[in-house]
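One structure below.
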Amino acid sequence: MEPLWRESAPGKLILMGEHAVVYGEPGLAIPLSQLRASVSFYPAESPRLEAPDLDLFLDSADLITSEHPLALTLQRACYYFSVHYQTPTHLPALCYQIQSDIPVKRGMGSGTAISCAIFKAFAAYYQCKVSLDEVQSFAQQMDQVYHGQPSGIDAAVIAHERPLRFQRLLAHGGEPPQITFLALCPFSLLIADTGPARPTAEAVALVAQAYQKDPKAAVMIRRIGELVKAAEAALMAGDMTSLGALLYENHQCLQALGVSTPALDYLVAGAQVLRSQGVVAGAKLSGAGLGGVCFALLYPPEALHREQLISCWAPTAQHIYL
Ligand code: MEV
């Protein structure tokens with residue numbers, strides 16, 4: 001059966017600057033438009049949530065009282081529209097079906113993408129013209145519920161679905177972050193998964209502890225900021241070789257901050273060997289770390305057939321062309 005409405009949102013990859021963005025340094029992120037979370041609204045006699053991938057099925061009363069993140073996001077979106085667009089306060093009698101290709105707990109923005117898709121589906125259902133800034137702000141509020149004090153980079157890149165540079169203006173408390181959309185030349189990445197990551201809030205808290213106790217952590221954070229600025233210039237100039245070296249140094253800084261793992265380090269070290277053979281430009285972990293994914297920047301593109309590269313670097317890696 002065709003849904004009444006379907007909306008979707010992409011996954012994301014932080015190219016550089018994770019953790020440092022929390023402290024006001026810039027970060028670079030890209031949407032992964034090939035990997036998406038989608039929300040479909042079907043006719044139903046009473047509200048019902050179906051998330052078959054998660055084996056989650058909630059009927060009317062359970063859906064309204066449930067504290068499951070998906071149920072809570074639906075309730076909050078419904079409440080948002082009732083306050084801002086004077087729509088009914090109760091969840092409409094619909095079947096809310098949620099599906100996602102974005103691997104969960106990998107630092108690829110699966111939860112944020114679902115928040116954006118749910119919000120956009122309600123906007124379509126109520127025929128409200130919402131801006132992407134509104135989508136971003138709702139997703140950020142939901143991220144605050146689940147991740148503590150997120151910088152906002154995830155909500156920004158997923159809501160706008162464009163590569164961007166993101167920077168919080170900490171000195172001007174309360175001001176919105178600076179977001180610059182980037183026009184990037186096409187490039188290719190391999191994303192390799194080391195398994196579920198620890199919660200983002202835990203990784204952010206680990207860095208916060210280091211930041212308070214150890215002056216070297218603050219130096220690392222500032223260094224990441226400098227690397228991001230250099231990476232932005234390299235990206236704009238299409239200088240993938242320089243970008244690769246910057247990625248690797250960014251990984252080393254994250255390692256020093258304590259958010260890498262032996263599995264991530266192993267893959268990044270493997271990519272360094274391929275770099276010395278001239279088939280990969282660089283690699284690093286992406287997202288909050290403590291598990292999750294890392295990526296390798298393929299350059300030059302014609303150096304080695306990508307299947308060969310996948311088999312010698314990480315047999316589970318996915319090839320993403322941007
Ligand atoms: C998580 O995707 C990125 C972090 O920098 C946290 C944040 O920016 O909120 C680790």
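As a basis for the values below, the full set of heavy atoms in this structure was taken, side chains included, without hydrogen atoms, waters or symmetry mates. For reference, positions follow the sequence shown, starting with 1. In each ligand, atom 1 is the first atom listed, and ligand 1 is the first ligand listed.
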Worksheet item: If you measure from the Lys or Arg side-chain nitrogens to the Asp or Glu carboxylate oxygens, is any gap between Arg36 and Asp101 under 4.0 Å?
Response: no
Item to complete: Find the distance between CD1 (Ile30) and OG (Ser286) and round it off to the nearest 0.5 Å.
Response: 8.0 Å
Fill in: Which of the ligand 1 atoms, numbered from 1, are nearer than 4.0 Å to a heavy atom of Ala288
10 (C)
Worksheet item: Using heavy atoms and a threshold below 4.0 Å, how should the contact between Asp143 and ligand 1 be classified: side chain, backbone, both, or neither?
Response: neither
Worksheet item: Going by the atom numbers of ligand 1, which of them fall below 4.0 Å from some non-hydrogen atom of Pro150?
Response: 9 (O)
Discussion item. Within the 4.0 Å heavy-atom shell around Ile14, which atoms of ligand 1 are there?
Written reply: 2 (O), 3 (C)
Discussion item. Can you name the atoms of ligand 1, numbered from 1 with element, that are less than 4.0 Å from a heavy atom of Lys12?
Written reply: 2 (O)
Practice prompt. Look at atom 7 (C) of ligand 1 and say which protein heavy atom is nearest, naming residue and atom and giving the distance to 0.1 Å.
Written response: Ser151 OG, 3.3 Å
Worksheet item: Mind checking whether His160 and Phe181 have parallel, tilted or perpendicular rings, split at 30° and 60°?
Response: tilted
Practice prompt. Determine, for Arg223 against Glu226, whether the closest basic-nitrogen to carboxylate-oxygen distance falls under 4.0 angstrom.
Written response: yes
Response to the item:
Quick note on ligand 1: atoms under 4.0 Å from a heavy atom of Glu18 include exactly 5 (O)
Worksheet entry | atom 1 (C) of ligand 1 [closest protein heavy-atom partner, distance rounded to 0.1 Å] | Asp154 OD2, 3.8 Å
Worksheet, complete the sentence: The atoms of ligand 1 lying under 4.0 Å from a heavy atom of Ile153, numbered in the order shown, are 8 (O)
Practice prompt. Could you list which atoms of ligand 1 come closer than 4.0 Å to a heavy atom of Val21?
Written response: 5 (O), 8 (O)
Item to complete: Write out the residue and atom name of the closest protein heavy atom to atom 4 (C) of ligand 1, then the distance separating them to 0.1 Å.
Response: His19 N, 3.9 Å
Worksheet item: Partners of Ala288 by side chain to side chain contact (heavy atoms under 4.5 Å, CB included), sequence neighbours excluded?
Response: His19, Thr200, Ala203
Worksheet entry | ligand 1 contacted by Gln149 (non-hydrogen, < 4.0 Å) | no
Discussion item. Parallel, tilted or perpendicular: which one describes the rings of Phe81 and Tyr126, with boundaries at 30° and 60°?
Written reply: tilted
Worksheet item: Once the angle between the rings of Tyr85 and Tyr80 is folded into 0 to 90°, is it parallel (under 30°), tilted (30 to 60°) or perpendicular (over 60°)?
Response: tilted
Practice prompt. Measure across Tyr42 and Met1 and return the closest heavy-atom pair with its distance rounded to 0.1 Å.
Written response: CE2-O, 3.2 Å
